[in-house]
Amino acid sequence: MVFTLRAKPTSNGNRISKILQLPQVFLSFSSLTPNSLQTLHNGLESNTRELDFNAVFLSCTDTHIAKCLHAHLLVSGNARNIFFSTRLVNLYADLGDVSFSCLAFEQIPKKNVFAWNSMISGYVRNGCYRQAVDCYSRLLTTSGVRPDFFTFPVVLKACWDLSDGRKMHCWISKLGIGSDVFVAASLVHMYSRLGFVDDARKMFDEMTVRDMGSWNAMISAYCQNGKAAEALEVFEEMRLEGMKLDPVTISSILPVCAPLNDLLRGMLIHVYVIKHGLEFDVFVSNALINMYAKLGSLDPARRVFDQMPVRDLVSWNSIIAAYEQNNDTTRALGFFVQMKQNGFQPDALTLVSLSSMVAQSGDSQNSRPIHAFMMRRGWLLEDIFLGNAVVDMYAKLGSIASAQKAFEAMPDKDVISWNALITGYAQNGLASEAIEVYHMMEGCSGIVPDQGTLVSILPALSHIGALQQGMRIHGQAIRMGLHLDVFVGTCLIDMYSKCGRLDDAISLFLQVPRMSSVPWNAIISGYGIHGHGEKALKLFQEMQSEGVKPDHVTFVSLLSACSHAGLVDQGQWCFQLMQEDYGIKPNLKHYGCMVDLLGRAGHLEKSYAFIKNMPILPDSSVWGALLGACRIHGNFELGMFASNRLFEVDSENVGYYVLLSNIYANVGKWDGVDKVRSLAKDRGLKKTPGWSSIEVNNRVDVFYTGNKSHPKCEEIYSELRMLLAKMKSLGYVPDYSFVLQDVEEDEKEHILTGHSERLAIAFGLISTPPKTTIRIFKNLRVCGDCHTATKFISKITEREIVVRDSNRFHHFKDGNCSCGDYW
DNA sequence: ATAGGGTTAG
């Protein structure tokens with residue numbers, strides 16, 4: 001089939017507007033622009049004696065011109081020249097037009113190894129790895145041409161399958177070209193890319209001649225397989241052999257500084273870069289920015305970025321991520337704006353940073369648009385990273401339903417997707433849902449739990465006190481070899497201490513590495529919630545003497561430990577130490593702890609004065625702490641004052657109304673109690689439903705207040721009625737000030753009896769053998785009346801009862817509580 | 001006419 005084309009006449013174009021006889025595929029020539037014709041014309045004219053195709057090849061800057069040239073080659077008969085047609089294959093590949101590259105290739109009647117190599121390379125340069133490998137197979141099976149040492153460096157790059165790789169390796173050996181530096185480096189790279197670093201190293205060791213590329217290949221092999229120390233070893237070896245370092249070496253080795261936490265080395269490399277003038281390489285500068293950013297040195301990162309003469313998308317993404325990861329959303333956003341002003345289109349990595357920024361700043365408004373942007377481009381269908389970022393973003397913003405939807409919409413999920421969802425539920429207080437998702441994940445073939453999975457599920461188990469399930473996870477961690485991992489270990493410590501097994505927490509603490517503050521914080525907090533303030537302090541001293549730097553979390557744990565144990569002086573000492581010795585600015589949590597510490601100990605005026613001197617605005621937790629202290633110490637006036645301030649900042653939390661009503665009741669102001677009740681009712685409070693849980697036979701039962709749907713409901717209530725009678729005979733008087741509902745007295749008694757902690761205790765009593773310790777979890781603070789009741793119950797039933805509430809542990813035994821009513 | 005080794009993420 002022949003198609004006739006007449007090029008559109010342009011001012012000068014008439015001279016080349018001769019009629020060409022072309023195959024039909026050149027129909028697309030009709031889209032040739034006058035400009036491209038002009039360029040071609042100039043190229044052709046530049047040599048007047050005969051067509052200088054060499055010059056024309058060089059002037060081909062877009063695929064239309066290339067096609068025009070192609071046409072001329074065909075018409076002039078030069079297409080039969082294998083030199084020209086091979087160049088054409090390469091030209092199309094460079095211009096990104098794989099199908100025409102392929103066409104040009106197929107038009108070559110007798111393809112030699114140059115043509116085959118060019119075609120394979122063309123596929124690889126355009127990311128068509130599958131086709132490249134297929135083309136290589138065709139070369140082997142049908143062409144009668146032998147691959148050579150130009151073939152393998154290219155085709156090895158395309159190889160994504162170990163068996164293919166080994167076959168190629170065999171051919172290389174058979175052809176005796178394995179000693180070629182290019183081929184050998186490519187083998188190193190192939191093995192490392194497929195994760196077989198040891199094979200890569202073997203290739204490297206077998207090399208008799210090593211050039212820069214060989215060393216670089218080995219270094220990057222280690223880097224990309226997470227073996228930072230080995231990478232550095234090779235790097236040092238390379239320097240000892242007197243090799244110079246080129247930009248490739250530098251940009252390969254720089255990323256290992258961050259995981260090794262080695263800023264000094266990074267700076268030394270930077271010095272080398274400056275000394276040898278390598279800083280103008282974009283890869284090098286980008287790697288420097290990333291190195292500095294990951295090690296928290298934003299200023300040097302910024303300086304490198306500022307002095308780059310040319311920046312690419314990676315440079316922009318890196319500087320944006322640098323600020324985003326160091327919690328400076330505002331500057332990160334500023335760079336994003338600049339990036340767009342400089343004409344760069346955001347890519348998937350930019351979007352990952354953006355979603356992180358939105359999550360960090362709690363900017364719910366922008367979450368949808370970002371999500372929509374990704375969907376419009378179809379990126380969510382092909383990039384698991386992005387899907388995971390979206391799930392994480394919604395979860396962090398508290399929109400767990402959106403997170404779930406985004407998760408479900410992902411065509412493929414990996415272990416990180418599951419972890420993100422589990423963490424999302426856990427961090428939004430939905431522990432049971434988190435556990436449910438975890439079980440679903442377990443039933444999913446192809447998903448292997450990793451460190452992140454353990455770190456996401458353990459806090460959920462701690463939250464509801466699922467000790468037995470937690471121990472199962474501990475076993476799994478051991479099997480995975482992760483139980484001594486700092487993060488998993490810390491979660492386990494936290495799990496054991498929150499599930500009432502402080503001893504197990506301690507013995508675990510003694511096993512995990514404790515160079516960082518993370519496990520220390522967990523164990524100090526563990527001592528604190530169990531009421532062992534002195535021990536917490538002692539541990540803090542050990543921490544200091546071991547040279548571990550405490551952080552702001554350490555001081556929250558420590559201050560609350562002091563406050564639970566009534567260690568006022570020590571608490572104040574910590575508060576000072578934190579600022580003076582460690583330069584940590586107290587945040588609201590620290591202030592809350594201090595107010596609590598002073599107030600609970602009875603220093604109400606001091607506590608109030610403390611609030612007045614705060615340099616930041618007190619929030620509800622701070623005023624709530626003062627209000628709680630006023631209840632304990634019966635200070636009515638200050639209590640009124642505190643509750644007024646409190647309701648100015650948070651009028652939604654029903655717990656504070658209970659406190660206030662309690663204060664009124666303590667001084668016998670029943671009208672005040674009524675007032676608070678109706679106030680709470682009028683505001684239609686979104687109250688957090690109170691629930692308690694207990695684990696019996698590997699199963700966690702959760703009881704909501706007044707819940708009557710439990711299968712053992714009848715037995716539970718009859719147990720409670722029986723206990724109530726005995727308690728009363730021992731002198732128990734119900735304290736109705738803990739009931740907010742405006743109902744009759746006996747109804748109030750009924751409400752107290754139906755409190756979730758009592759249902760859980762009663763269930764524990766009827767479901768376990770005598771003398772067994774009962775362990776209960778309550779999501780809010782334990783109710784004051786239930787606290788009294790539990791003391792009686794522990795005496796009547798001769799049981800130890802351990803109640804963990806949102807604040808601390810209460811060990812009930814023989815009618816007493818470990819907290820000494822100081823809580 | 002054809003070749004290897006490089007920087008950013010959840």
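Predicted model, so just to flag it, every value in this text is computed and none were measured. Below, read A as the first sequence line, B as the second, and so on, with proteins coming before strands; counting in each chain starts at 1.
A donor-acceptor pair is defined here as one N or O able to donate and one able to accept, closer than 3.5 Å; such a pair exists between the side chain of A:His276 and the backbone of A:Tyr272. With hydrogens and angles disregarded, no donor-acceptor distance shorter than 3.5 Å links the side chain of A:Ser285 to the backbone of A:Val282.
Separating the CH2 atom of A:Trp215 from the P atom of B:dG6 is a distance of 17 Å, rounded to the nearest angstrom. The CE-P distance, from A:Met168 to B:dG4, rounds to 14 Å in whole Å. The interatomic distance linking A:Ile172 (CD1) with B:dA3 (P) rounds to 17 Å, in whole Å. Atom C1' of nucleotide B:dT2 and atom CD1 of A:Ile108 are separated by 12 Å, given to the nearest angstrom. Computed from coordinates, the A:Leu351 CG to B:dT8 P distance equals 19 Å when rounded to whole Å. Atom P of nucleotide B:dT2 and atom CG of A:Leu91 are separated by 12 Å, given to the nearest angstrom. Remark: P of B:dT7 and CZ of A:Phe283 are 8 Å apart, rounded to the nearest angstrom. Atoms CD1 (A:Ile319) and P (B:dA9) sit 14 Å apart, rounded to a whole Å.
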Could you walk me through whether A:Met212 and A:Thr249 pass the side-chain contact (heavy atoms from CB on, under 4.5 Å) test, one step at a time?
CA-CA 8 Å; A:Met212 185 87 79; A:Thr249 323; 4.0 Å; yes
As a quick check of understanding, evaluate salt bridge (charged side-chain N to carboxylate O under 4.0 Å, His left out) for A:Glu233 and A:Arg239, giving each step before the final call.
CA-CA 10 Å; A:Glu233 248 171 60; A:Arg239 297 182 55 178; over 6 Å; no
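Here A:Met212 lies in heavy-atom contact (under 4.0 Å) with a base. Within 4.0 Å of A:Asn317, counting heavy atoms only, lies at least one base atom of the nucleic acid. The residue A:Val284 sits close to a base: some heavy atom pair falls under 4.0 Å. Within 4.0 Å (heavy atoms only), A:Asp347 reaches no atom of the nucleic acid at all. Heavy atoms of A:Asn419 sit nowhere under 4.0 angstrom from any nucleic acid atom. Contacts of A:Ile320 with the nucleic acid, taken as non-hydrogen atoms under 4.0 Å apart, are absent. A:Asn81 comes within 4.0 angstrom of no nucleic acid atom, judged by non-hydrogen atoms across all strands. Among the heavy atoms of the strands, none lies under 4.0 Å from A:Val183.
In this structure, A:Asn419 and A:Met441 have side chains that are in contact, with non-hydrogen atoms separated by less than 4.5 Å. The side-chain heavy atoms of A:Lys157 and A:Tyr129, taken from C-beta on, include no pair separated by under 4.5 Å.
You'll find that the side chain of A:Gln325 is closest to B:dA9, out of B:dA1, B:dG4, B:dA9. Closest to the side chain of A:Phe385, from the set B:dA9, B:dA1, B:dG4, is B:dA9. If you check B:dG6, B:dA1, B:dA9 against the side chain of A:Val248, the one that comes closest is B:dG6. Of all nucleotides listed (B:dG6, B:dT2, B:dT8), B:dT2 comes nearest to the side chain of A:Asn90. Of the candidate nucleotides B:dT2, B:dT7, B:dG4, B:dG4 has the atom lying nearest to any side-chain atom of A:Lys157. Nearest nucleotide to the side chain of A:Gln224, out of B:dT8, B:dA3, B:dG6: B:dG6. Closest contact between the side chain of A:Phe149 and the listed nucleotides B:dA3, B:dG6, B:dA1 involves B:dA3. Counting only heavy atoms from C-beta on, A:Val352 has its side chain closest to B:dA9 among B:dG4, B:dA9, B:dG6.
Within residues 287-316 of chain A, the residues that have a heavy atom under 4.0 Å from DNA chain B are, in order of number, A:Asn290, A:Lys294, A:Val314.
Taking only distance into account, the side chain of A:Ser186 never meets the base of B:dG4 through a donor-acceptor pair shorter than 3.5 Å. In this model, a side-chain donor or acceptor of A:Asp211 finds a partner on the base of B:dG4 within 3.5 Å. Residue A:Asn286 places no side-chain atom within donor-acceptor reach of the base of B:dG6, judged by atom type and a 3.5 Å distance cut-off alone. Checked by distance alone, A:Asn117 brings no side-chain donor or acceptor within 3.5 Å of a matching partner on the base of B:dA1.
A stacking contact links A:Phe182 to B:dA3: the aromatic ring centre lies within less than 5.5 Å of the base's six-membered ring centre, and the planes differ by less than 30°. Residue ring and nucleobase are stacked for A:Phe150 and B:dT2, with a centre distance beneath 5.5 angstrom and an angle between planes beneath 30°.
Ring geometry, A:Phe305 versus A:Trp316: the interplanar angle exceeds 60°, so the pair is classed perpendicular (tilted spans 30 to 60°).
In terms of phosphate contacts, A:Ser353 brings no side-chain nitrogen or oxygen within less than 4.0 Å of OP1 or OP2 of B:dA9.
Taking the ring centre of A:Phe105 as origin, the terminal cationic atom of A:Lys111 falls inside the region bounded by 6.0 Å and 45° from the ring axis.
With values rounded to the nearest 0.5 angstrom, A:Phe344 atom CZ is found 8.0 Å from A:Met339 atom CE.
Residues satisfying the ring pair (Phe, Tyr, Trp, His ring centres under 6.0 Å) test with A:Phe407, not counting sequence neighbours, are A:Trp418.
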